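This chain uses plain numbering: 1 for the first residue, then up along the sequence. Nothing here was measured: the structure is a model prediction, and the numbers come from that model.
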Amino acid sequence: MINVAAIVLNYNGYDETINFLDKIREIELINYIVIIDNHSSDNSYTMIKEHLARDLASIGKIFLIRAPHNAGYAAGNNFGMRFALENFDVELFLISNPDVMFGQDTIECLLDLYQLHKERIRLGAFAPSQLNNLKSGYLTSWSLPNWLSDCLGSFLLIGKLVGKLKRIKINKSVDYTEVDVVNGAFFAIPTKSMEKVGLFDIHTFLFCEERILGKKLKNNGFHSFELTNCFYEHKQSTTIKSNIKLIDRFNILNKSRYYYLTKYFNLSIPQKFVVRFCFAFGIFEKKIYFNLRSFFKK
């Protein structure tokens with residue numbers, strides 16, 4: 001039997017997290033569910049705790065912990081993974097947002113791939129194909145960005161083209177395709193693989209966690225996959241959108257991109273200058289665009 005621990009990060013979204021827990025607690029293939037309240041400001045910890053106290057079925061399976069402060073996605077998930085490693089005999093992590101939906105069949109699909117490859121290759125992260133808002137396929141995986149693609153991707157029009165170019169062509173005639181990066185909304189990873197690369201890099205508050213993990217896994221010889229024969233549904237970062245203004249999200253994204261590029265690539269001083277210039281110009285461009293859009297909507 002494979003012991004599986006779901007790691008679920010909550011921040012100011014207890015209604016969504018409680019609904020998510022009520023759906024996945026019946027999945028028998030998930031042995032433990034660790035909810036990390038990332039030091040919410042909306043009484044999330046108390047509301048989830050009271051809900052679990054009324055739910056006898058959650059005893060021994062669902063565990064609620066609270067981070068001492070909100071240090072972002074990576075640090076919050078690391079807090080939960082360390083709790084699981086210290087308290088349970090866990091072989092596989094499921095890293096999941098509370099704004100996703102999946103069933104027993106999806107977990108079965110993930111476990112099938114794990115059992116197939118765990119003795120054959122160094123298995124990294126692997127994820128089902130993502131469905132966005134029940135309507136259409138959405139980006140589940142992509143190739144590792146470099147300094148040039150991030151520079152070009154910071155501009156409004158060129159960025160859309162770059163986004164298309166970084167997509168990995170998925171062969172839907174096979175059950176899975178090897179990829180560089182999987183979407184952080186929902187994926188599985190062996191605990192030993194995650195420990196080998198030191199868990200998530202905590203030096204980003206938000207954004208780029210998946211690419212950094214993908215880079216670390218690839219540097220250490222691990223193989224990551226997107227599965228094309230199973231799916232999950234994603235409502236797309238409702239917590240981020242409700243708590244952080246749009247232009248602030250771009251600033252945080254650029255800060256995380258810059259950390260990724262300077263930490264994991266040997267950029268020259270001129271390259272760093274070009275990156276900073278492109279990011280700054282991209283923010284300036286977006287401010288003009290958003291102001292014009294607001295003006296014409298009045």
Please give me the minimum heavy-atom distance between [X] and [Y], naming the atom from each residue.
X: V100; Y: S96; answer: CG2-OG, 3.2 Å
X: L110; Y: A188; answer: CD1-CB, 4.3 Å
X: A71; Y: N38; answer: N-OD1, 4.4 Å
X: I65; Y: G80; answer: CD1-CA, 4.0 Å
X: V90; Y: A5; answer: CG1-CB, 3.7 Å
X: S129; Y: T228; answer: OG-CA, 3.7 Å

Is a side-chain donor or acceptor of [X] paired with a backbone partner of [Y] at a separation under 3.5 angstrom?
X: D37; Y: R66; result: no
X: E210; Y: V181; result: no
X: E195; Y: S193; result: no
X: S154; Y: C278; result: yes
X: S256; Y: L206; result: yes

Same hydrophobic cluster for [X] and [Y], using side-chain heavy-atom links shorter than 4.5 Å among ILVMFWY?
X: I62; Y: L94; result: yes
X: L227; Y: I121; result: yes
X: L92; Y: I24; result: yes
X: L131; Y: F20; result: no
X: V4; Y: L21; result: yes

- Message: What verdict does the side-chain contact (heavy atoms from CB on, under 4.5 Å) test give for V182 and I189, after you've listed the backbone C-alpha separation in whole Å, the side-chain angles of each residue and the deciding distance to 0.1 Å?
- Response: CA-CA 11 Å; V182 297; I189 186 168; over 6 Å; no
- Message: The test is side-chain contact (heavy atoms from CB on, under 4.5 Å); show your working for F155 and E285 and say whether it passes.
- Response: CA-CA 7 Å; F155 303 128; E285 181 187 42; 3.8 Å; yes
When you look at [atom1] of [X], are more than 12 heavy atoms from neighbouring residues, nucleotides or ligands closer to it than 6.0 Å?
X: K118; atom1: NZ; result: yes
X: K196; atom1: NZ; result: no
X: L157; atom1: CG; result: no

Between [atom1] on residue [X] and [atom2] on residue [Y], distance to nearest 0.5 Å:
X: Q130; Y: T140; atom1: CD; atom2: OG1; result: 5.0 Å
X: D105; Y: F231; atom1: CG; atom2: CZ; result: 10.5 Å
X: L261; Y: C151; atom1: CG; atom2: SG; result: 7.5 Å
X: E108; Y: I27; atom1: CD; atom2: CD1; result: 9.5 Å
X: N43; Y: K49; atom1: CG; atom2: NZ; result: 11.5 Å
X: N183; Y: S141; atom1: CG; atom2: OG; result: 9.0 Å

- Task: Over 60° means perpendicular and under 30° means parallel, so classify the ring planes of Y232 and H234, tilted if in between.
- Result: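 The arrangement is tilted - the two ring planes meet at 30° to 60°.
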- Between Y260 and F265, how do the two ring planes meet: parallel, tilted or perpendicular, split at 30° and 60°? perpendicular
- Message: side-chain contact (heavy atoms from CB on, under 4.5 Å) for F88 and N31? Distances and angles first, verdict last.
- Response: CA-CA 10 Å; F88 318 123; N31 305 93; over 6 Å; no
- Message: Determine whether the aromatic ring centres of residues Y176 and F126 are separated by less than 6.0 angstrom.
- Response: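 Not close enough - the centres of the two rings lie 6.0 Å or further apart.
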- Looking at R120, K218, R122, E178, which hits side-chain hydrogen bond (donor to acceptor under 3.5 Å, both in side chains) with H223? E178
- Message: For K215, is there an ion pair with D201 - N to carboxylate O distance below 4.0 angstrom?
- Response: no
- Flag the pair D55 and R25 as a salt bridge only when some basic side-chain nitrogen lies within less than 4.0 angstrom of an acidic carboxylate oxygen. yes
- Under 3.5 Å, is there a donor-acceptor pair between the N146 and S149 side chains?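 Side chains of N146 and S149: pair found under 3.5 Å.
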- Task: Applying side-chain contact (heavy atoms from CB on, under 4.5 Å), run through I95 and Y73 and close with a yes or a no.
- Result: CA-CA 11 Å; I95 309 297; Y73 171 95; 3.6 Å; yes
Within the 4.5 Å heavy-atom criterion, are [X] and [Y] side-chain neighbours or not?
X: R257; Y: P145; value: no
X: N70; Y: F205; value: yes
X: M194; Y: I7; value: no
X: F102; Y: K23; value: no
X: L246; Y: F290; value: yes
X: Y114; Y: E91; value: yes
X: Y259; Y: I212; value: yes
X: K263; Y: H203; value: no

- Task: Would you mind telling me which of T177, D175, L123 makes a side chain to side chain contact (heavy atoms under 4.5 Å, CB included) with F225?
- Result: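 Of T177, D175, L123, side chain to side chain contact (heavy atoms under 4.5 Å, CB included) with F225 is met by L123 alone.
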- Pairing residues for F222 by the ring-ring contact (aromatic ring centres under 6.0 Å, His included) criterion, not counting sequence neighbours: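 Partners of F222 under the ring-ring contact (aromatic ring centres under 6.0 Å, His included) test: none.
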